[in-house]
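Heads up: the structure comes next, in structure tokens.
First the proteins, then the strands, lettered A, B, ... as listed; each starts at 1.
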Amino acid sequence: MSGEILSDERKLALEDICETCGLPESKIITYIEEGVVEVQGGDVELWRFSELSVVRIQKAVRLEKDLRLNPAGAALALELMSQIEELKTELNRLQQLSE
Amino acid sequence: MEYKDYYALLGVEKSATQDEIKRAYRKLARKYHPDLNKEETAEIKFKEIGEANEVLSDPEKRAAYDQVGQAYTPGQDFRPPPGWDAGFEFSDRPGTEGAGEQDFSDFFESLFGDSYHQQRAERAKTRFHARGQDHHAKVLIDLEDAINGAKRTIVLKVPELTEDGHLVVKDRKLEVAIPKGVREGQHIRLKGQGAPGLGDGGTGDLYIEITFKSHPVYHVEGADLYLDLPVSPWEAALGGKVKVPTPGGVVDLNIPEGSKQGRKLRLKERGLPAKPSGDLYVTLQIALPPADTPEAKKLYQSMAREFDFDPRKNLMKNARQGDQARAGS
């Protein structure tokens with residue numbers, strides 16, 4: 001069985017994001033306001049999301065539910081996670097160099 | 001069956017108050033949440049503490065569990081005593097923290113399984129149509145799998161609703177194609193492979209997150225690969241062709257004359273396959289031949305005589321400048 005790799009190049013409309021994540025528009029808008037996901041385009045009808053937003057939104061939903069966070073808290077956790085990931089990559093690189 | 005010490009899992013005393021249990025669970029949940037903790041064991045641990053909390057945070061279940069625990073001696077194979085749950089009512093508590101659609105251990109199922117699932121099934125029936133949950137799985141692959149593409153079998157736990165309204169958890173095996181050129185951290189979506197929906201709700205999707213095992217030779221960043229290439233002092237100084245492994249096979253690499261330690265050379269599009277492919281960065285690591293024979297020692301001694309070479313020239317100069325600067329301030 002083969003699937004598709006989620007890509008930054010394929011874009012989704014608000015409707016598609018709601019459908020894929022099983023969430024109402026209002027929740028997606030909250031996530032945009034909190035910076036969980038970014039959106040391109042001016043009017044709501046023209047909004048386009050990267051397909052990778054799906055993964056971030058699903059993570060935010062799990063964090064909210066499992067750890068009783070609010071959307072701002074979930075956004076902060078995601079931000080710190082990506083900082084940790086960057087630092088880990090850098091640390092790995094430095095460790096390999098020093099070996 | 002293994003007896004589960006829920007108190008030990010949450011790290012609390014048997015006499016802990018409900019508040020202490022709540023605090024212990026929340027702290028551990030933050031620590032082991034699989035989205036926050038990338039350790040492979042985090043997910044298992046998160047499920048275990050979720051199960052412990054499911055029981056201990058509910059005074060009714062906790063009382064029943066405590067009664068079972070009294071009859072149990074550590075190390076014993078566990079069987080629930082017959083009729084052990086007589087006299088306990090398990091009321092539905094939809095607000096229980098952290099209890100999502102998760103699969104609990106056999107131990108939990110043997111104690112609370114039936115009543116728990118009946119409640120969930122009842123609750124599910126009252127919701128008319130809902131799309132099935134999306135499932136998530138992490139797959140650890142070798143770098144070679146990303147370079148060549150591969151097939152991996154993953155096992156999913158799938159809750160299914162039986163005709164009489166019970167939920168049973170079944171193993172489902174899926175053979176998944178790992179596409180050539182996939183990168184670490186990318187997600188593969190398998191449409192319709194998540195949980196079945198309720199009513200007319202569609203089936204959820206399955207998302208697979210790709211992680212790489214560490215590789216003895218290459219270090220991966222995105223689609224680019226990094227490799228430390230040992231070279232001899234004369235190869236670095238005089239230049240020359242040396243053999244370098246790449247994912248596509250061994251290639252000849254031209255070392256430029258006068259290369260220094262740590263010099264980076266780029267082999268264009270010799271990284272992970274993609275459109276365009278990543279690059280392979282080769283970092284030169286100058287290796288010194290050991291002076292472990294009289295002949296080798298002689299060679300080093302003749303180099304010491306012949307070269308007018310002071311590797312600490314700049315170091316001494318900079319140190320003096322630093323001294324002067326401090327004296328002047």
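Residues B:Ile188 and A:Leu6 have side chains not in contact (no heavy-atom distance under 4.5 Å, counting atoms from C-beta outward). Taking the side chain as every heavy atom from C-beta outward, B:Val176 and A:Ser2 never approach each other to under 4.5 Å. Contact check for B:His33 versus A:Leu63: side-chain heavy atoms found under the 4.5 Å cut-off.
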Test side-chain contact (heavy atoms from CB on, under 4.5 Å) on B:Asp35 and A:Asp66 and set out the steps.
CA-CA 10 Å; B:Asp35 282 319; A:Asp66 295 341; 5.8 Å; no
Could you check A:Met1 against B:Glu175 for side-chain contact (heavy atoms from CB on, under 4.5 Å), going step by step and ending with a plain yes or no?
CA-CA 6 Å; A:Met1 178 180 310; B:Glu175 193 178 69; over 6 Å; no
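Remark: B:Lys213 NZ is packed, more than 12 non-hydrogen atoms of other residues, nucleotides or ligands lying under 6.0 Å away. Atom CD of B:Gln18 sits in a crowded spot, with more than 12 heavy atoms from other residues, nucleotides or ligands closer than 6.0 Å. Crowding of B:Lys27 atom NZ: a count of heavy atoms from other residues, nucleotides or ligands under 6.0 Å not exceeding 12. By the neighbour-count criterion of 12 heavy atoms within 6.0 Å, atom CD of B:Glu43 is sparsely surrounded, having that number or fewer from other residues, nucleotides or ligands.
Heavy atoms of A:Leu67 lying under 4.5 Å from chain B belong exclusively to its side chain.
Taking non-hydrogen atoms and a 4.5 Å limit, the residue list of residues 36-57 of chain A in contact with chain B, ordered by number, reads A:Glu51, A:Val54, A:Val55.
Among B:Arg189, B:His136, B:Arg30, the residue with the largest count of heavy-atom pairs under 4.5 Å with chain A is B:Arg189.
The nearest pair of heavy atoms linking B:Leu36 to A:Ala77 is CD2-CB, 4.3 Å. Nearest heavy atom pair, residue B:Asp134 against residue A:Gln58, reads OD2-NE2, 2.9 Å.
Here the straight-line distance linking atom OG1 of A:Thr20 with atom OH of B:Tyr207 works out to 5.5 Å at 0.5 Å rounding.
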